[in-house]
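Every chain is numbered from 1, with letters handed out A, B, ... down the list of sequences.
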Amino acid sequence: MSYWLMKSEPDVFSIDDLKKAPRKTTCWDGVRNYQARNFMKSMEIGDQVFFYHSNAEPSCIVGIAEVVRKAYPDHTALDPHDSHFDPKATPEKPIWEMVDVRFIRKFDQPLALEDLRPVAGLAKMELLRRGSRLSVQPVTPAEWKLVLKMAEKGGKK
DNA sequence: GCCAACGTTGGC
DNA sequence: GCCAACGTTGGC
């Protein structure tokens, strides 16, 4: 089983939206970056995902979701009226894919970037890398454990 | 709102 | 294949 982190702007789709969604599940559409797409293609059912709020105040890891469906074509790339439309995508070669994720839990205390930055064990975390913009990224088992432990302690180190 | 970092596009 | 221009992401 693998660990991941997925970003979403809470104004667009928050972890509360995920919790309120039918079957607490959503398709993760709109990813238009090849590296992020490739990570989604390698996801397996049962993989665990940190739900991250980007462009938030503050930006933070807010909880956990789980992969419940393996990668399949992202139909929004084929829809000219969708903001994620990609004219290069066709039904034969959809280019872009997505997975389905289901809500698992929300942290009592979200973990902000400033809480995570000083943690030695997280120094190499992709999320904390300078200039990192990857919206879907792998998390190592050690990082996963550490972040989870921090969440249990209420966000403080 | 600013702007650094990054990915993509397109002229050559 | 290079690289300048441009658009986007996302922290601050």
Starting from [atom2] on [N], measure out to [atom1] on [X] and report it in whole angstrom.
| X | N | atom1 | atom2 | result |
| --- | --- | --- | --- | --- |
| A:Q137 | B:dC6 | CD | C1' | 14 Å |
| A:N33 | C:dG7 | CG | P | 19 Å |
| A:L116 | C:dG10 | CG | P | 16 Å |
| A:I61 | C:dG11 | CD1 | P | 11 Å |
| A:D86 | C:dT8 | CG | C1' | 15 Å |
| A:L134 | B:dC6 | CG | C1' | 10 Å |
| A:Q35 | B:dG7 | CD | C1' | 11 Å |
| A:L127 | B:dC6 | CG | P | 14 Å |

With a 4.0 Å limit, can you tell me whether [X] has a side-chain N or O closer than that to the phosphate oxygens OP1/OP2 of [N]?
| X | N | result |
| --- | --- | --- |
| A:S59 | C:dG10 | no |
| A:Y52 | C:dT9 | no |
| A:R129 | C:dG11 | no |
| A:K7 | C:dG10 | yes |

Between A:K41 (side chain) and A:A71 (backbone), is there a donor-acceptor pair under 3.5 Å?
no
Does the A:D115 side chain pair with the main chain of A:A112, one donor and one acceptor, at a distance under 3.5 Å?
yes
Between A:R129 and A:E126, is there a side-chain N and carboxylate O pair less than 4.0 Å apart?
yes
Taking the side chain as every heavy atom from C-beta outward, state whether A:D47 and A:M1 have any atom pair closer than 4.5 Å.
yes
By nearest-heavy-atom nucleotide on DNA chain B, the more 5' of A:K88 and A:R133 is A:R133
